[in-house]
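Below is one structure, written out as structure tokens; comments come after it.
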Amino acid sequence: ATVAALAGAATAAMPALAAGDEAAARAILDTARDPAKRVSIIYAVPPFDARAAGNGARAAANLAIAVRREQAAAALYVLPTEANVNGARDMGIDPLRGPGGVVPAAAGMTFDAMIDAATAGTLKAMIVVGDNPPMFAPGRARIEQALAALDLLVVIDGLATDTAKAAHAVFADVPSYAKTGTYTNADRRVSRLHAALSALGDARPALLALTDLANAMSGAGTWTYAYPDAVTDEIAATVAGYAPFHAARAVWSKTRVAAETTRSEQQPVAAPAAAPAAGELLLTTHRALFTSLEGASVHAADADKLHREDFVELHPSDAAALRLRDEDEVRLRTSHGELALRVRVTDRVLEGVAFVPSYYGGGAITRLLGPDGAPVPVTAQVAALA
């Protein structure tokens, strides 16, 4: 590995490094050459843009290969936007990969395929468990149209989200700290979770609601899960790599999920999207620190009690060009929609970029994004807020 090669990998992984990429590459290389130290590459996936997430993951993997070679797989940590995504994928939630990564005989439907089928009327019913697509999926108008077209929408959730409000039937779920189960983290270690709170009111763990629904549709005895430990034991018995993690296991988080042998091979990374045209900014988003997910999901007025994220952040040079100052009211427009909010001038964002926190307004940013979630050109115009 050379500084030049690492700088190229770093630039592909993190274009925002700009002039600092060579210095960052040199720091990584110096650490990698020290036998007393180890380098790990940690990549946080963007919440909406699947193309950028794939490119970023490939670039991060290339960087890991450059500095750790045969240990690259153990040095790379990809952090999804939600907890336990690795565990869910291992259980076969990916429609192209069954439990344990086994390719199924017939592929399932991707999220986009389900949305398209619901809109077309060929998918008649949907069960949504602990999710709120209008808040977390780009192209909000398209998502809302698809959910409204369903003959039956069943939601299992502990919050009165926009999806729950659109449902024909809602089953009250319990929060994560009232559930028993497991999490698989980015290090491929499995952690045991025990319920710390009893269910309130008519709420029940989603497992029990799903079990009752399955038995009601297909006849009694279709599912026989009376307690989460039954699922844990079935996973240990049937999912490749999870054999050590049976319910009676005494010690957790010490053993990693057994992984298949991997080979390190660098992958091509696509070029970043073209810069926006004159007079436009590049709209970006991500989760910030101060807004409660639960509060934002139900549009609570105090989701961000101090209103620290009720802003679009603009670079000082862009704000000056638009004659905008802190607290000015502005209307953002893209080809997909518009959003009115206030301005915060800060050098935390790059020149040419407009940043809106993804939880603001209960995921209001999704109305400005296309179905692929990619950053889009946006215009900012001074306008009185309604």
Side-chain angles (χ1 to χ4, degrees), residues 80-109 111 114 125-132 154-159 163-164 169-260:
T81 55
E82 302 296 331
N84 205 31
V85 169
N86 290 313
R89 286 176 61 89
D90 288 344
M91 297 308 110
I93 198 170
D94 185 334
L96 303 180
R97 296 170 63 88
V102 177
V103 178
M109 298 177 71
F111 175 78
M114 287 188 283
M126 185 181 296
I127 300 175
V128 178
V129 183
D131 197 5
N132 186 20
V154 177
V155 170
I156 304 174
D157 208 322
L159 297 170
T163 307
V170 179
F171 294 86
D173 195 7
V174 297
S176 58
Y177 46 80
K179 294 182 180 181
T180 295
T182 63
Y183 282 94
T184 303
N185 70 10
D187 195 28
R188 311 300 293 154
R189 300 178 193 268
V190 180
S191 298
R192 182 77 156 145
L193 181 71
H194 293 283
L197 181 72
S198 298
L200 300 176
D202 61 356
R204 299 188 303 160
L207 170 65
L208 299 182
L210 287 169
T211 298
D212 287 349
L213 283 171
N215 288 329
M217 289 190 296
S218 301
T222 301
W223 283 17
T224 57
Y225 306 116
Y227 193 72
D229 281 355
V231 180
T232 302
D233 287 340
E234 181 178 316
I235 291 170
T238 60
V239 179
Y242 278 77
F245 303 106
H246 48 79
R249 179 184 174 92
V251 180
W252 291 77
S253 298
K254 299 296 184 183
T255 304
R256 292 184 176 90
V257 174
E260 298 178 0

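Since we're looking at a predicted model, the values are computed, not measured.
Counting heavy atoms from C-beta on, the side chains of Thr184 and Arg89 never come closer than 4.5 Å. Contact check for Val170 versus Asp157: no side-chain heavy atoms found under the 4.5 Å cut-off. Taking the side chain as every heavy atom from C-beta outward, Thr232 and Phe245 never approach each other to under 4.5 Å.
Closest heavy-atom contact between Ser253 and Ser191: OG-OG, 2.9 Å. Closest non-hydrogen pair, Asn185 versus Asn86, comes out as O-ND2, 3.4 Å. Listed here is the closest heavy atom pair of Lys254 and Arg189: O-NH1, 3.1 Å.
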Start with the C-alpha gap between Lys179 and Asp173, add the side-chain angles, then the distance that decides, and say whether side chain to side chain contact (heavy atoms under 4.5 Å, CB included) holds.
CA-CA 10 Å; Lys179 294 182 180 181; Asp173 195 7; 2.8 Å; yes

Begin with the C-alpha distance, continue with both residues' side-chain angles, and end with the deciding distance and a verdict on side chain to side chain contact (heavy atoms under 4.5 Å, CB included) for Asp90 and Arg188.
CA-CA 10 Å; Asp90 288 344; Arg188 311 300 293 154; 2.6 Å; yes

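Between the side chain of Thr222 and the main chain of Gly219, a donor-acceptor pair closer than 3.5 Å is present. Looking at Asn132, its side chain does come within 3.5 Å of a backbone N or O of Thr163 through a donor-acceptor pair. Checked by atom type and distance alone, the side chain of Asn215 pairs as donor or acceptor with a backbone atom of Trp223 at under 3.5 Å.
The line from OH of Tyr227 to CG of Asp233 is 11.5 Å long, rounded to the nearest 0.5 Å.
Thr182 and Tyr242 are not linked by any side-chain donor-acceptor pair at a separation below 3.5 angstrom, with hydrogens and angles left out of the test. For the residue pair Thr255 / Arg249, a side-chain donor-acceptor distance below 3.5 Å is found, with atom types taken as modelled.
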Donor-acceptor pairs under 3.5 Å, side chain of residues 192-210 to any protein atom, not counting sequence neighbours: which ones?
from	atom 1	to	atom 2	distance (Å)
Arg192	NH1	Asp229	OD1	3.4
Arg192	NH2	Asp229	OD1	2.5
Arg204	NH1	Asp212	OD2	3.0
Arg204	NH2	Asp212	OD2	3.0

